[in-house]
Amino acid sequence: MSTLFHNISELRTVSDAGTIKDGALLVDGNGIITWVGALNDLPQDLSEGVEKKIDLGGRAVLPGWVDSHTHMIFDGNRAEEFEARMAGESYSAGGIATTMEATRNAGRERLEQLLEERIAGCHAGGTTTIETKTGYGLNTESEALAAEVASTGVDDVTFLGAHLVPPGADADEYLEEVVGTMLDAVEPHAGWIDVFCETGAFNEEQSRKVLEAGKKRGLLPRVHGNQLQQGPGVRLAVEIGAASVDHVNYLSDDDIQALASSDTVATVLPACDLSTKQDLAPARQLLDAGATVAIASNLNPGTSYTSSMNFCVTTAVLQQDLSLDEAIEAATLGGAKALRRQPVKGGEDAQGRPGRGSLVPGAAADLHVLNFANAIELAYRPGMPATYRTYKDGELVFGVE
Ligand code: NIG
């Protein structure tokens, strides 16, 4: 089955092909892009093979957002903590414990239902690739269940047992559990390992121990670092070859240089910065220095209770001095790089899977169709409903055909 998506005012490929006016895409029965270009340039033989046409009504199309940092597996609510913060309290890592009991008590069905609702929310906002972390159960049973449930719904699962030492636990004993029985139980369901390397959570030595243990078991490292103050997170992430270091609010010149000369993606989380009343991460400086930047939502109950990548991209343009092109790239290809899912050869990623975050032949047909003819309206009309339809692997996951 060959489907032609056409009548696209502005097709932002996030590739060398750039933005194509009156664009079109051909997609095969497996949801893989087979051709991209201006409709007028569609070769005759390909045009004759088209079995279905989807008219997108003169709207703009981008790659679906790649949300490379979320915490979707939790139950409970921290609205009170948020309200107190808005009244002047400051954020601290300890808040993670607030939803721990609710998450432990939720059970499989409830976690599955919550995850399904949260994924639907992502699709409704144009997100097509989702990473989620564990990290709200903080014992072996609950972390393993979180990873298992997550693996049934999202693209990438990250083990974050090292999110916080649970209240009352001994730090050393808990760390032994994380790198021992917990890692054993979670590893079959996860591809990544993460640690909250920050004062009040885990120090450099503890963080290194967690990441090394995960690496030995085949999990790829990523790091929460430099969120609340300058510290070792970025340095450790680069040194250990992490795919990304996330938050990056407080950076030294050395941190910025280290990121610029590495493959470690600097992931900024604008919604989290607003919700915790931090200065927005220095995305402009990072890009100017030559670092790769990703934008992600950081959906979680404490610091960023939103999955709206539209909001995050708008904020990056309005408040972080990114151009629209830069913000779109950071939220698509940048996120894909943070998950090592970007197209590298023939549209496939380094593992031979359909690439994400860029609309090129051989990559997945993950399409975000905007309600607007011009993508700049994402920032020009902030907060307005922006997503018309979302397709993942060529299948409609949001909107009506
Ligand atoms: O990415 N920083 C660490 N972890 C999460 C949320 C923590 C929380 O629930 O307070 C984050 O912001």
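Note that ligands are numbered from 1 as they come in the structure, with each ligand's atoms numbered from 1 the same way. Both backbone and side-chain heavy atoms feed into the values below; hydrogens, waters and symmetry mates do not.
Aromatic ring centres of Phe5 and Tyr391: separated by under 6.0 Å. Two rings, from His71 and His224, have their centers less than 6.0 Å apart.
Neither the backbone nor the side chain of Glu198 comes within contact range of ligand 1; no heavy atom lies under 4.0 Å.
Near Tyr91, with a cut-off below 4.0 Å to any heavy atom, the atoms of ligand 1 are 7 (C), 8 (C), 10 (O). Here is the list of ligand 1 atoms found below 4.0 Å of a heavy atom in Thr303: 6 (C), 10 (O), 11 (C), 12 (O). Listed by number with element, the atoms of ligand 1 under 4.0 angstrom from any heavy atom of Tyr136 are 6 (C), 7 (C), 8 (C), 9 (O). Annotation for ligand 1: atoms under 4.0 Å from non-hydrogen atoms of His224 are 1 (O), 2 (N), 3 (C), 4 (N). Close approach of ligand 1 to His247 (heavy-atom distance below 4.0 Å) involves ligand atoms 1 (O), 2 (N), 11 (C), 12 (O). Taking a cut-off of under 4.0 Å to the non-hydrogen atoms of Gln227, the atoms of ligand 1 that pass are 2 (N), 3 (C), 12 (O). Under a 4.0 Å criterion applied to the non-hydrogen atoms of Asn298, ligand 1 contributes the atoms 1 (O), 11 (C), 12 (O). The ligand atoms of ligand 1 that sit less than 4.0 angstrom from a heavy atom of Ile96 are 7 (C), 8 (C), 9 (O), 10 (O).
When each of Asp254, Val223, Leu259, Ile256 is paired with Val234, the side-chain contact (heavy atoms from CB on, under 4.5 Å) condition holds for Leu259 and for no other.
Leu370 is not listed as a side-chain neighbour of Tyr388, based on a closest heavy-atom distance of 4.5 Å or more.
At the shortest separation from atom 4 (N) of ligand 1 among protein heavy atoms lies His163 NE2, 2.7 Å.
With hydrogens and angles left out, the side-chain atoms of Gln229 and Thr199 include a donor and acceptor closer than 3.5 Å.
Figure legend: cation-pi geometry between Arg118 and Phe74, with NZ or CZ positioned under 6.0 Å from the six-membered ring centre and within 45° of its axis.
Taking 4.0 Å as the cut-off between side-chain N and carboxylate O, Arg340 and Asp349 do not count as a salt-bridged pair.
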